[in-house]
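Below: the structure, in structure tokens.
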Amino acid sequence: MRCGTFDLVLDRSFFARSTLRVARELIGCVLVHEVRGRRRAGRIVETEAYDGFRDAASHAHRGPTSRNAPMFGPPGRAYVYLIYGVHHCLNLVTREPGYPAAVLIRALEPADERLGPCHGPGRLTRALGIDLRHDGLELCTPSSRLYVEPAAMRCRVARTPRIGVDYAGAWAEKAWRFVDPASRHLSVKLGRRR
DNA sequence: CTCGGGATTGAG
DNA sequence: TCAATCCCGAGC
């Protein structure tokens, strides 16, 4: 039994599709983590697609390793890694097993102001209490405490290049970042890059 | 086994 | 502008 108003959750078939499509359609959906029976949730307003072996910005670019293993696994699971020894980043795995792909969740609009800042991949995992223990976890099983609810309303979606992947050459140019341009909770403001 | 860097953040 | 801080991938 879930604590959501609607007992409706994105299923595996949602994630088994084109990574760009999933990244785009996740905008407006609600990421939920239940901690000690409490609902920690936010509306997804920023995502990035990491798709396939050839994507030089992807952790999967140099083939399967112990870290990126979830990216090669079945869709609808979490891929969580530690960055700079400090922050956790949450990805949702897409596509079929064997094809490495995932969507990085970069910003949420907190459903509850007590949640704390959620603008930025490291901030939202801290607010929701997500860490390496969640790496590889299923999001689509009824018992999962980490899952995504469908968007309540359709919203406009803008595309930009991905953040922080300048090392990836031509792949850094691809507009694989998706945002709700109306949101005040983006990690990097529109029109700006790092 | 050592070595180096990272899909970031917050402080100065 | 820069340090924090640690996992993991590359190389010997």
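For clarity, every value in this text was computed on a predicted model and none was experimentally measured.
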Distance test, side-chain N/O of A:Arg177 to OP1/OP2 of B:dA7, below 4.0 Å
no
Indicate whether any N or O donor in one side chain lies under 3.5 Å from an N or O acceptor in the other, for A:Tyr99 and A:Asp51.
yes
Any donor-acceptor pair under 3.5 Å linking the side chain of A:His33 with the backbone of A:Arg40?
no
Send over the distance from A:Arg62 CZ to C:dC8 P, rounded to a whole Å.
18 Å
Nearest nucleotide by nearest heavy atom, which residue falls closer to the 5' end of DNA chain B, A:Leu82 or A:Pro121?
A:Leu82
Pair A:Tyr50 and A:His59, ring centroids less than 6.0 Å apart
no
Distance test, side-chain N/O of A:Tyr84 to OP1/OP2 of C:dC7, below 4.0 Å:
no
Phosphate OP1/OP2 of C:dG9 contacted by A:Ser66 side-chain N/O (<4.0 Å)
yes
Would you mind reading off the distance between A:Asp166 atom CG and B:dT8 atom C1', rounded to a whole angstrom?
14 Å
Can you identify which nucleotide, out of C:dA10, B:dA7, B:dT9, has its nearest atom closest to the A:Tyr81 side chain?
B:dA7
Please say which of A:Val157, A:Val148, A:Thr94 ends up in a side-chain contact (heavy atoms from CB on, under 4.5 Å) with A:Leu26.
A:Val148
Please tell me which of the listed nucleotides, C:dG9, B:dG6, B:dT9, lies nearest to the side chain of A:Arg123?
B:dT9
Report yes or no: is the ring centroid of A:Tyr50 under 5.5 Å from the six-membered base ring centroid of B:dA7, with the two planes under 30 degrees?
yes
Let's see if you can work this out: which of B:dG6, C:dG9, C:dC7 has an atom nearest to the side-chain heavy atoms of A:Ile83?
B:dG6
Side chains of A:Glu138 and A:Ser144 only: does a donor on one sit below 3.5 Å from an acceptor on the other?
no
Atom NE2 of A:His134 and atom C1' of C:dC7: how far apart are they, to the nearest Å?
18 Å
Shortest side-chain distance from A:Thr65, nucleotide among B:dA7, B:dT8, C:dG9:
C:dG9
Both distances below 3.5 Å, Watson-Crick or wobble geometry, any strand: find the nucleotide opposite B:dA7.
none
Consider the side chain of A:Arg106, meaning its heavy atoms from C-beta on, and name the nucleotide among C:dA10, B:dA7, C:dC7 that approaches it most closely.
B:dA7
Rounded to whole angstroms, how far apart are CG on A:Asp51 and P on B:dA7?
17 Å
Starting at OH of A:Tyr79 and ending at P of C:dC7, how long is that distance when rounded to a whole Å?
14 Å
Residue matched to C:dT5 through Watson-Crick or wobble contacts both under 3.5 angstrom:
none
Starting at atom CG of A:Leu92, determine the distance to atom P of B:dA7, rounded to an integer number of angstrom.
18 Å
Ignoring hydrogens and geometry, is there a side-chain-to-backbone donor-acceptor pair from A:Thr125 to A:Gly122 under 3.5 Å?
yes
Using a heavy-atom cut-off of 4.0 Å across all strands, would you classify A:Val86 as base, sugar-phosphate, or nothing?
base
Take atom NE2 of A:His87 and atom P of B:dA7, then tell me their distance rounded to the nearest Å.
13 Å
Starting at atom CG of A:Leu90, determine the distance to atom P of B:dT9, rounded to an integer number of angstrom.
13 Å
